[in-house]
Amino acid sequence: MSLNVSKCCTGTSGTSSSGGGRPGHRKSSLALALTPEDDSMDVYQRNLMDLKYPTVLPPNPQLKALLVFHKSDSICEVVTLACQRHQLDVTLVKSKEEALETLHKSYATAQCYHLIIIDARSTKGLDAEHIARTIRHTHGHHLTTIIAVCKKSFFEKDDALIALLDAGVNRCIAETTNLTLCSVELKQILHSIIRPHNVMSTQQALYTALHRLKEVVLITDDVLRIQYANRATERLLNMRLDEIISKPLGDIFVSDLSTISEQGKSIKEFDGILMVRRKNQESIPMHVRVVPVACIGSAPTHLIFNFDIPGGGMDFIATLPQPKEAPRGSLHSVRRCSFDVRSIASDGLRRTSLAKLTSLPLEAPITKIINLLSQVQENCSADEARLIDKVLDFLKREGLYSPQMKEIRTDDPIATDLIGALLTGPSVYSSRRSSNDSIIRTGNSTRTATIVPAKMKANPIIMELLEESLKWDFDIFKLEEITDYHPLLYLGMEMFRRFDVFATLNIDENVCKAWLAVIEAHYHKSNTYHNSTHAADVMQATGAFITQLASKDMVMDRMDEATALIAAAAHDVDHPGRSSAFLCNSNNPLAILYNDLTVLESHHAAITFKLTLGDDKINIFKNLDKETYKSARSTIIDMILATEMTRHFEHLAKFVSVFGNEMEPRELVQSEEETSILMRRMLIKVADVSNPARPMQYCIEWARRIAEEYFMQTDEEKQRHMPIVMPMFDRATCSIPKSQIGFIEYIIQDMMHAWDGFIDMPELITCMQINYSQWKKYDEQGVNTLADIMAKQPPVGNKSSSSK
Ligand SMILES: Nc1ncnc2c1ncn2[C@@H]1O[C@@H]2COP(=O)(O)O[C@H]2[C@H]1O
């Protein structure tokens, strides 16, 4: 439990709003002035009208400090008194858990701590580095000021201090029992860190205002490359943001721009009529005003463009044809007609994530019902509201969100085969079961847990390649090649290192290495697709997504990152290279064990834990406390099970219902944890089938590998006179392009748009569109078989063959 010093300690509490003023706001006479002139707020407000460029007033809240001290010794006391001297509202906690819980609660109640001071004098009591890192990755704390109180001796060698600073600490201060020294240090921190942070936080308000403005505002750099464009610019140009940003300004003007650049250089404003070119090449005369701005030095670094229609009439922009929404009415309409992803994209799916998510044809009726009921609730009696609350609780439960996937309608038999096999449950394929199918296959030879971890050579070529390991165009096939088919071990260690999994699990690196080696050894090298390169690929995508989420301020906590990476690494372990349908049809012991339900995924999850817990040398969870382990286990199992394709549309619809809605996710689900579960499921699902959205040469190699695996299954089904799960996947006749077109149209496309809308990774969509066009081209050219396609491809990695 946290201890609120302002209530418990003697002396002044920071909540000193006595004597008038807005409740909860400090009086203007307080020491921390947040205005440019460092004056009190009253003076600033009075002078505001005189300012040439008025700034947005920063927030001026009661400042709150959270002190994380293992014990209340003399140093802690001095820091507390110094905080109180500067009228901070102080809360003292004694452990990391208490600190995080306090922050969590403060976030939930829309309070916030502006300053967190951590006792970093000894690692015995508190791991300050870990606490700082965790706080930095906790939502809402990127601008919180974190101070570490260190031993004086720390200042003689820099490594401990640098580690703290790298973990997110803003400043390290030396321990002192001298109140004056401590108070001065704190005052400096208030002025030099907290005040600028407060001012910086106002930028969000400005960006929102700019974005929503009806007027067109566009900013370029000094060489006229577009750096910023607001929503009205997208409308005017009929282009999406990703088609505008970084483009030369010349691309959107018909008129000669030399006057502007010359004017810009001499730092004069421009005001005149220029012809703007819209996406469809239509030209419109616009009144353009250009203001050069010098952000550093005296030469202009940026030019601000403001356009309107000559003679005013800003609503004109609203009357222009808008970037067209994708012509997708519903999943069914997509299914019925074949369509060109390129045309959808070039029509301009808007970049705003919410718009994209809401535009997806995947709203479950339940979302509409919840929205309507919530509206009713606003205008009804308390009793009725309580009843509606109960109804809402029921409606938010699992199962009600499933979209109706009654039938798959396509004229293309290959797509029907593939999508049918992926999306339908056991009833469909078991009905095809023939009397010849009673052979019980013994499971694939399971390896014992005595596998010695592969030795990792610190090969500079591998290390160089791994530097790119968070990029979307990472060459996983090259890694497969240069690690001698141990991509999971190398990539896994790199991901664990980058995301600090060793610290999160409190485990030695060697245990993680051994774990990865054992997991990798339990992937079957004989599978062309479901081998450890696929696992490494999914782990790499997971790392890339986590990084992108963090850059969008949707930071996962450290344990969520670790469990996501672990789930990705293990999600297909011991895959037999045959589908669940095949296992059911052949009465495989796994199908018997799991009652034909979620057979493979249940096995992957179960064997992951069986292997991990079965050998202390690889037990990466052994240092977690009971509760943490329980929660990590549940997350990993949930994520692995989410990769099952029969529930694909259910997961997708629920994700879109919650994240693609105007309402706060929190209002649509029962808890924040539930929101995060939906996000993690979608993360691993997208990572698992992201191969059609990878750069083309990799996409084609993955298509080759999965087709080969499907072909081998068909070969075996024929040979054993079993029902053929995907008859069209016959190596003699199958058209690979057709199968990929179907896979993208039915499974991948909507999911990628939903995910891109959430995470903002336009490269996923771009790659998918390019690949889709290529498959269409091959289809039109009659390039169908694996051999035809491979003849057209440069080899990936160093070898173009399947994995060993
Ligand atoms: N490029 C692809 N073409 C066709 N099917 C694919 C492709 N990529 C993945 N899949 C299928 O999607 C499934 C996702 O779950 P699995 O990894 O169990 O098995 C995967 C394959 O059956």
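Just so you know, ligand 1 is whichever comes first in the structure, and atom 1 is the first atom listed for that ligand.
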Nearest atoms (heavy-atom pairs only) where Ile640 meets His571: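 For Ile640 and His571, the tightest heavy-atom pair comes out as CG2-O, 3.7 Å.
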Any salt bridge linking [X] with [Y]? Criterion: basic side-chain nitrogen under 4.0 Å from a carboxylate oxygen.
X	Y	result
Glu644	Arg647	no
Glu708	Arg704	no
Asp638	Arg680	no

Extract all N/O-N/O pairs under 3.5 Å that connect ligand 1 to the protein, and present each with both atom names and the distance rounded to 0.1 Å.
| residue | atom | partner | partner atom | Å |
| --- | --- | --- | --- | --- |
| ligand 1 | 1 (N) | Asn691 | OD1 | 2.9 |
| ligand 1 | 1 (N) | Gln740 | OE1 | 3.0 |
| ligand 1 | 3 (N) | Gln740 | NE2 | 2.9 |
| ligand 1 | 5 (N) | Tyr710 | OH | 3.0 |
| ligand 1 | 8 (N) | Asn691 | ND2 | 2.9 |
| ligand 1 | 15 (O) | Asp688 | OD2 | 3.4 |
| ligand 1 | 17 (O) | His530 | NE2 | 2.8 |
| ligand 1 | 17 (O) | Asp572 | OD2 | 3.4 |
| ligand 1 | 19 (O) | His530 | NE2 | 3.2 |
| ligand 1 | 22 (O) | Tyr710 | OH | 2.7 |

Pi-cation contact, Phe621 with Arg633 (under 6.0 Å, within 45°):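 No cation-pi geometry.
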Asn531 side chain vs Asn527 backbone, donor-acceptor pair below 3.5 Å: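 Judged by distance alone, yes, a pair lies under 3.5 Å.
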